[in-house]
Amino acid sequence: MSRPVNYGELYRAGKKILEQADIGEAALDARLLLESVCRTNRNDLLVHGDREVEPEKEKTYLTFIEKRASHMPLQYITGVQEFMGLEFTVNEKVLIPRQDTEILVEEVLRDLHDGSRILDMCTGSGCILISLLHYSNDCQGTGADISGDALCVARENAARILAGKKDDTVARFVESDLFERVEGRFDILVSNPPYIRSAVIPELAEEVRGNEPILALDGAEDGLLFYRRIIKQGKEHLCGGGRLFFEIGYDQGVAVKGMMEEAGYADVRIVKDFSGLDRVVYGRYEVRE
């Protein structure tokens with residue numbers, strides 16, 4: 001009968017497996033997976049490394065390690081991802097929320113007023129809409145997505161994260177091919193649409209191309225298909241003076257800005273991320289007589 005394994009030994013075994021599988025951040029991922037299984041934090045490895053780990057938790061951890069070694073994203077294994085200081089449920093039906101998208105949310109929050117009506121197009125996990133509703137008051141939000149599976153995740157996130165709101169905040173979700181089933185007008189239209197060029201998708205990291213939903217990544221031949229459609233159709237769903245906000249790829253700022261200006265949006269601006277790359281484009285819709 002083998003002796004029980006301790007916390008430090010189990011971590012080192014997981015780290016070795018990930019290193020052999022060429023996982024870029026093997027040490028970090030091995031630690032995070034262990035913390036997820038054992039409900040511990042980073043200090044436990046230093047202070048309690050000799051603590052014995054229950055056999056069932058050891059088995060679960062090694063299963064998680066094997067999944068990560070196959071290049072399954074860490075977040076799909078643990079089932080959670082932090083975004084805007086909130087914890088979102090994620091699975092393979094939705095894109096994993098990324099820090100870059102926080103720039104988009106922060107820009108929207110600058111213009112968001114209490115009682116605003118928000119439409120989040122291509123909502124996925126709901127991380128954008130739910131964050132905006134969480135950090136505002138009395139706003140109404142609609143999240144639209146073509147994927148019913150993604151909307152199940154979004155609804156779960158909204159029910160949990162917004163449960164503590166004591167105002168009139170409301171989030172609803174609609175399965176729709178862009179604006180097909182969207183009704184009404186909104187003060188804010190925000191979207192992180194599919195924007196990767198089809199030819200580039202095979203070049204993406206294995207974690208992305210082999211696990212995240214291609215439907216939420218593929219922006220067609222030039223990556224701009226959904227921007228064109230949202231810019232054009234969005235005017236039918238924006239109030240006069242309403243604002244349209246996009247997350248964009250690093251090389252799409254000038255193109256998207258030009259399309260918005262051509263369509264009649266005013267004060268169109270490009271915002272860079274912390275790496276100095278174009279990340280957000282936004283502008284104001286003006287009703288023309």
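Heads up: numbering here begins at 1 and tracks the sequence.
Using modelled atom types, one finds no donor on one side chain facing an acceptor on the other under 3.5 Å when comparing R117 with T142. Side chains of T40 and Y7: a donor-acceptor N/O pair is present below 3.5 angstrom, by distance only. Using modelled atom types and a 3.5 Å distance limit, the side chains of D218 and S198 yield a donor-acceptor pair.
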Audit row: R160, T89, side chain to side chain donor-acceptor pair (under 3.5 Å) steps and yes/no:
CA-CA 10 Å; R160 176 171 46 80; T89 295; 3.3 Å; yes

Under the salt bridge (Lys or Arg N to Asp or Glu O under 4.0 Å) criterion, do R243 and D267 qualify, and how do the steps go?
CA-CA 10 Å; R243 292 186 179 265; D267 297 328; 5.3 Å; no

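In the displayed structure, Q99 atom CD is contacted under 6.0 Å by at most 12 heavy atoms of other residues, nucleotides or ligands. Counting non-hydrogen atoms of other residues, nucleotides and ligands closer than 6.0 Å to CD of E54 gives a total of 12 or fewer. E19 CD: more than 12 foreign heavy atoms inside a 6.0 Å radius. Annotation: E221, atom CD; neighbour count of heavy atoms from other residues, nucleotides and ligands within 6.0 Å does not exceed 12. Around atom CZ of R209, more than 12 heavy atoms belonging to other residues, nucleotides or ligands sit under 6.0 Å away. Atom CZ of R269 has 12 or fewer neighbouring heavy atoms from other residues, nucleotides or ligands inside a 6.0 Å radius.
In this structure, Y195 has its ring center at least 6.0 angstrom away from the ring center of F226.
Note: E207 CD to Y76 OH = 11.5 Å, rounded to the nearest 0.5 Å. One finds the CD1 atom of I118 at 9.0 Å from the CD atom of Q140 (value rounded to the nearest 0.5 Å). Of the inter-residue distances, the one linking I130 atom CD1 with M84 atom CE reads 13.0 Å to the nearest 0.5 angstrom. The CD atom of E102 sits 10.5 Å away from the CD atom of E247 when rounded to the nearest 0.5 Å. For the atom pair CD1 (I128) and CG (D120), the distance works out to 5.0 Å, reported to the nearest 0.5 Å. Here the CG-CD distance, from N211 to E92, works out to 9.0 Å after rounding to the nearest 0.5 Å.
Results of the side-chain contact (heavy atoms from CB on, under 4.5 Å) test with K57 over V37, V5, L10 single out V37 as the only residue that passes.
Within the 4.5 Å cutoff, no side-chain heavy atoms of R279 are placed close to those of L104. Contact annotation: the side chain of V153 never approaches that of F88 to less than 4.5 Å [non-hydrogen atoms, C-beta and beyond]. Residues K235 and L238 are not in side-chain contact: their nearest non-hydrogen atoms beyond the backbone lie 4.5 Å or more apart. By the 4.5 Å heavy-atom criterion applied to side chains, D278 and Y250 are not counted as neighbours. Side-chain contact check for V256 versus E261: every heavy-atom pair is 4.5 Å or farther apart. Two residues are said to be in side-chain contact when any heavy atoms from C-beta on lie closer than 4.5 Å; Y285 and L189 fail this criterion. No side-chain heavy atom of Y282 sits under 4.5 Å from any side-chain heavy atom of I270. Annotation: side chain of L244 is in contact with side chain of M260 (closest heavy-atom distance under 4.5 Å).
For L224 against Q252, the heavy-atom pair with the smallest separation is CD2-NE2, 3.9 Å. Of all heavy-atom pairs spanning D187 and G115, the tightest one is OD2-O, 4.5 Å. Nearest heavy-atom pair, M259 versus I231, reported as atom, atom and distance to 0.1 Å: CB-CD1, 3.7 Å.
Taking the charged nitrogens against the carboxylate oxygens, E286 and R284 do have a contact shorter than 4.0 Å, which makes a salt bridge. Salt-bridge formation is detected for the pair R229/D177: a Lys NZ or Arg NE/NH1/NH2 atom is positioned less than 4.0 Å from an Asp or Glu carboxylate oxygen. Remark: R110 engages E107 in a salt bridge, criterion side-chain N to carboxylate O under 4.0 Å. Salt bridge K93/D145: absent, no basic N to carboxylate O contact under 4.0 Å. Electrostatic pairing of E212 and R98 counts as a salt bridge here, judged by a charged N lying under 4.0 Å from a carboxylate O. No salt bridge links K165 with D138; every basic N to acidic carboxylate O contact stays at or beyond 4.0 Å.
Not one N or O on the side chain of T78 forms a donor-acceptor pair closer than 3.5 Å with the backbone of S36.
The hydrophobic cluster containing L95 also contains I230, counting ILVMFWY residues as joined when their side-chain heavy atoms lie under 4.5 angstrom apart, directly or transitively.
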